[in-house]
Amino acid sequence: MPTKPQVLKTTSVTRSRLFEIEALELRFSNGVERTFERIASRGFGAVMILPLRDPETLVLINEYAAGLEDYRLTLPKGLIDPGETPEEAANRELMEEIGCGARKLTHLKTLTTSPNYMGHQIHLLLAEDLYAESREGDEPEPLEVIDVPLADLDELVMRPNFDEARVMAALWLLQRHLQTRL
């Protein structure tokens with residue numbers, strides 16, 4: 001493994017309600033110094049859940065994506081609150097977003113997105129043995145809940161409103177996990 005660069009200084013560049021941009025001054029092992037900008041890591045991470053209504057059916061939500069100014073089919077997800085485990089956060093998010101809890105949660109993998117620019121991590125959990133239970137969430141409108149047969153995943157990934165890369169990775173990990181269980 002290469003030697004990690006030395007952090008010389010970390011400075012807040014700008015801050016909004018949701019994000020803080022930091023300048024990170026680094027010295028690499030060869031003496032080269034560079035300044036990188038990144039979105040500062042805050043909080044306790046997030047969860048993304050692959051809920052199976054039954055062994056053959058995946059549950060998705062249709063949610064407004066402000067970055068694209070359009071609706072996208074996606075998986076339930078949300079931030080981990082202080083004091084929560086990823087499993088507790090996943091169960092809470094399921095209740096808030098699809099109106100179900102899960103009796104069985106399996107951690108599949110922790111993913112990063114754009115690790116050169118942010119330290120955000122999202123825990124991917126498989127949710128099985130669902131039961132009806134709702135909690136009020138922070139969504140501005142009710143989410144459309146959509147059941148998709150696992151047999152239709154090839155069709156699903158070609159839909160124009162299904163294009164989130166980390167959800168695609170989650171589906172691959174789900175298929176791999178289910179194949180190893182057989």
Side-chain angles (χ1 to χ4, degrees), residues 4-26 34-51 58-128 130 133-145 162-174 177:
K4 288 184 184 181
Q6 177 186 4
V7 177
L8 303 173
K9 186 177 179 184
T10 303
T11 308
S12 179
V13 174
T14 190
R15 180 179 291 209
S16 76
R17 183 178 61 82
L18 296 176
F19 303 106
E20 179 180 6
I21 307 294
E22 294 178 328
L24 189 64
E25 295 178 30
L26 303 173
R34 286 286 190 311
T35 301
F36 285 73
E37 288 186 349
R38 68 180 181 189
I39 297 175
S41 295
R42 283 196 235 150
F44 305 94
V47 293
M48 182 165 52
I49 309 104
L50 288 144
L58 179 67
V59 182
L60 298 174
I61 56 172
N62 194 31
E63 182 175 43
Y64 186 72
L68 297 173
E69 298 181 14
D70 204 356
Y71 286 85
R72 287 296 188 264
L73 281 176
T74 190
L75 292 168
K77 58 185 150 312
L79 295 176
I80 299 172
D81 288 341
E84 279 185 322
T85 65
E87 291 78 11
E88 291 166 337
N91 222 19
R92 175 182 49 75
E93 288 293 338
L94 286 172
M95 292 174 193
E96 293 173 359
E97 295 189 5
I98 69 166
C100 291
R103 290 183 187 89
K104 181 179 180 188
L105 290 159
T106 305
H107 188 273
L108 298 180
K109 187 160 181 70
T110 300
L111 304 174
T112 62
T113 53
S114 303
N116 289 5
Y117 301 102
M118 65 179 110
H120 178 71
Q121 294 186 331
I122 191 161
H123 302 275
L124 178 61
L125 293 108
L126 171 61
E128 298 174 281
L130 303 183
E133 186 169 334
S134 293
R135 288 190 188 170
E136 187 173 334
D138 58 359
E139 285 72 31
E141 63 183 355
L143 299 176
E144 182 183 7
V145 177
F162 188 82
D163 56 5
E164 188 176 350
R166 62 187 178 169
V167 175
M168 299 281 191
L171 290 182
W172 180 81
L173 288 164
L174 172 65
H177 176 79

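The minimum heavy-atom distance linking I49 with A127 is given by the pair CG2-CB, 3.6 Å. In this structure, P86 and L125 approach most closely via the heavy-atom pair O-CD1, 4.1 Å. Nearest heavy-atom pair, I98 versus V145, reported as atom, atom and distance to 0.1 Å: CA-CG2, 3.9 Å. Across E22 and V13, no two heavy atoms sit closer than the pair C-CG2, 4.0 Å.
Counting heavy atoms from C-beta outward, E93 and V47 have side chains that approach closer than 4.5 Å. Side-chain contact between T35 and L26 is absent, with no heavy-atom pair separated by less than 4.5 Å. Residues M118 and R38 form no side-chain contact, since every pair of their non-hydrogen atoms from C-beta on lies 4.5 Å or further apart. Residues T112 and H120 fail the side-chain proximity criterion, which asks for heavy atoms closer than 4.5 Å. Side-chain contact between P51 and L94 is present, with at least one heavy-atom pair separated by less than 4.5 Å. Contact annotation: the side chain of L60 approaches that of F162 to within less than 4.5 Å [non-hydrogen atoms, C-beta and beyond]. Side-chain contact between V7 and L24 is present, with heavy atoms from C-beta onward closer than 4.5 Å. Side-chain contact between L58 and L171 is present, with heavy atoms from C-beta onward closer than 4.5 Å.
When the shell of 6.0 Å around OH of Y64 is examined, it contains more than 12 heavy atoms from other residues, nucleotides or ligands. Summarising the local packing, CZ of R34 is surrounded by 12 or fewer heavy atoms from other residues, nucleotides or ligands at distances under 6.0 Å. The environment of CD in E141 is crowded: more than 12 heavy-atom neighbours from other residues, nucleotides or ligands sit within 6.0 Å.
In this structure, CD1 on I61 lies 9.5 Å from CG on L73, to the nearest 0.5 angstrom. R42 contributes atom CZ, which lies 11.0 Å from atom CG of L79 (distance to the nearest 0.5 angstrom). The distance from atom OG1 of T85 to atom NE2 of H123, rounded to the nearest 0.5 Å, is 9.5 Å. L130 contributes atom CG, which lies 10.5 Å from atom CE of M95 (distance to the nearest 0.5 angstrom). Considering CG of L124 and CG of L111, their distance stands at 5.5 Å, rounded to 0.5 Å.
A donor-acceptor contact shorter than 3.5 Å links the side chain of S16 to the backbone of L18. A donor-acceptor pair is defined here as one N or O able to donate and one able to accept, closer than 3.5 Å; such a pair exists between the side chain of E84 and the backbone of D81. Formation of a donor-acceptor pair under 3.5 Å by the N91 side chain with backbone atoms of A102 is found in this model. Judged by distance alone, the side chain of S114 and the main-chain N or O of Y117 form no donor-acceptor pair under 3.5 Å.
A salt bridge is absent between E63 and R72: the closest approach of a Lys/Arg side-chain nitrogen to an acidic carboxylate oxygen does not fall below 4.0 angstrom. Using a 4.0 Å cut-off between charged nitrogen and carboxylate oxygen, E97 and R92 do not count as a salt-bridge pair. A salt bridge is absent between R135 and E96; no separation between the charged side-chain nitrogens and carboxylate oxygens falls under 4.0 Å.
Side-chain polar atoms of T74 and E164 form a donor-acceptor pair below 3.5 angstrom.
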Is there a side-chain contact (heavy atoms from CB on, under 4.5 Å) between S12 and E20 once you walk through the steps? CA-CA 7 Å; S12 179; E20 179 180 6; 2.8 Å; yes
Checking side-chain contact (heavy atoms from CB on, under 4.5 Å) for the pair R166/M48: CA distance, chi angles, key distance, verdict? CA-CA 9 Å; R166 62 187 178 169; M48 182 165 52; 4.0 Å; yes
Residue pair L126, H177: steps toward the side-chain contact (heavy atoms from CB on, under 4.5 Å) verdict: CA-CA 9 Å; L126 171 61; H177 176 79; 3.6 Å; yes
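Legend: residues meeting salt bridge (charged side-chain N to carboxylate O under 4.0 Å, His left out) with E87, ordered by chain and number and at least two apart, are absent.
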